[in-house]
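Before any comments, here is the structure.
The sequence lines fix the lettering, A, B, ..., with proteins before strands; numbering per chain opens at 1.
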There are 2 protein chains.
Amino acid sequence: MLKPLPKARSSDLLRARLREHGLKLTHQRELIAELFLSQDHITVEELYHEVAKNDPSIGIITVYRTLKLLCQWDLAQERHFGKGKTIYDNVAWKSHHDHLICTKCGRIIEFSNFQIEKFQEQVAGEHEFRITFHKLELYGMCKTCDTHVGKRPPRAHGHTA
Amino acid sequence: MLKPLPKARSSDLLRARLREHGLKLTHQRELIAELFLSQDHITVEELYHEVAKNDPSIGIITVYRTLKLLCQWDLAQERHFGKGKTIYDNVAWKSHHDHLICTKCGRIIEFSNFQIEKFQEQVAGEHEFRITFHKLELYGMCKTCDTHVGKRPPRAHGHTA
DNA sequence: TCTGAATTGAAACGAACTTTCAGTATGTTG
DNA sequence: CAACATACTGAAAGTTCGTTTCAATTCAGA
Ligand SMILES: [Mn+2]
Ligand SMILES: [Mn+2]
Ligand SMILES: [Zn+2]
Ligand SMILES: [Zn+2]
């Protein structure tokens, strides 16, 4: 997010990776990847419904399989916010970041903070531990939801952050 | 961990909570809570096996149900490290803390760091977000595992951190 | 166009819970 | 202590989310 990688067309990105791994370019993979790479965070279920709008013959199994491939190629990352279903983070053009998650409307805000990461390393050092990756999730209320507390619930405002 | 609450016998803790909520003290609940509150982190499966050593007639369903009660009373907290099963954190005598998780041996180290929490608040402020709770998990290798890299795998050394 | 390997969708399967329900244990009242 | 209203329990069935299996189809490259 704060350090965008060199932008490439999503279709080229897919083709390149498939080539590298000797895999086939199918219209299913093309559509699924295209839709996934055009947004930020999405569940398998949601992506499946988007896909169905264009081609209802595609099965949700293929959505699962394609997302798994994208994860292997570091174009996507699995996230487990709340206790619900897995959210796939489109990281094709983003570097490492953490998240603020609104527990009321589901909005997801990305951030990265060098100071926090620095202190994480310090803590690890104190325990003679070597960090390879981490998860930091801050849950609470976004501004919109917070100002509506006690009043009527806010209208939808960007769950797809 | 760093700010231990006034220590009480686990059996008294259970009785008190059951009383407060008009629930019954059964020998199943007594045994399950006793064993759970005598350790730090455990899965339902593991706790079930411990319980079975004392009373094989107790079903795993009752372990699930009792842990759910302990969670409601803030004596336990669900954690989802890795992608496997839920780990229950005994927080009866601990205040908020985060974790270092060794991906090789499963060891769990607890810590709390005021600086990190401070910067979390700062980040939230920048995004006009109000944090209600958070999860910080640092994954990697503990000292023991790290020094054994490339050599033969280390013997078990305290998975039950 | 031919051909063999990769891919797909449906259905079966699996893991980790959760719900249902009839029989049992508990605490309370008399 | 006895009787009773309920809460509790264990087994089995049911959910949810995701994975495996497999016959039919599609793709890529010769
Ligand atoms: Mn993200
Ligand atoms: Mn802990
Ligand atoms: Zn919100
Ligand atoms: Zn270790």
Can you check the [X] [atom1] to [N] [atom2] distance for me, whole Å?
X	N	atom1	atom2	value
A/Arg19	D/dC27	CZ	P	15 Å
B/Ile32	D/dT9	CD1	C1'	10 Å
A/His80	D/dT16	NE2	P	19 Å
A/Glu45	D/dT15	CD	C1'	14 Å

Compute whether any side-chain donor of one residue and acceptor of the other, for A/His80 and A/Glu137, lie under 3.5 angstrom apart.
no
Taking atom types as modelled, is there a side-chain donor on B/His96 or B/Glu117 under 3.5 Å from an acceptor on the other?
yes
Identify all pairs in which a protein N or O lies below 3.5 Å from an N or O of nucleotides 3-7 of chain D, and state each distance.
unit_1: D/dT6; atom_1: O2; unit_2: B/Lys24; atom_2: NZ; d: 2.6
unit_1: D/dA7; atom_1: O4'; unit_2: B/Lys24; atom_2: NZ; d: 3.3

Of all the choices, D/dC27, D/dT19, D/dG29, which nucleotide is nearest to the side chain of A/Lys68 once you look at every atom?
D/dT19
Need two values: the first and the last nucleotide of DNA chain C, 5' to 3', having an atom under 4.0 Å from any heavy-atom of chain A.
C/dG4 to C/dA10
Tell me which of B/Gln28 and B/Thr86 sits closer to the 5' end of DNA chain C, going by the nucleotide each one is nearest to.
B/Thr86
Between B/Arg29 (side chain only) and B/Leu14 (backbone N and O only), is there a donor and an acceptor less than 3.5 Å apart?
no
Could you check whether the rings of B/Trp73 and B/His21 sit parallel, tilted or perpendicular, using 30° and 60° as the cut-offs?
parallel
Parallel, tilted or perpendicular for B/Phe133 and A/Tyr139, by the 30°/60° rule?
parallel
Does anything in residues 55-67 of chain A come within less than 4.0 Å of DNA chain C? Heavy atoms only, and list the residues if so.
A/Ser57, A/Ile58, A/Gly59, A/Ile61, A/Thr62, A/Arg65
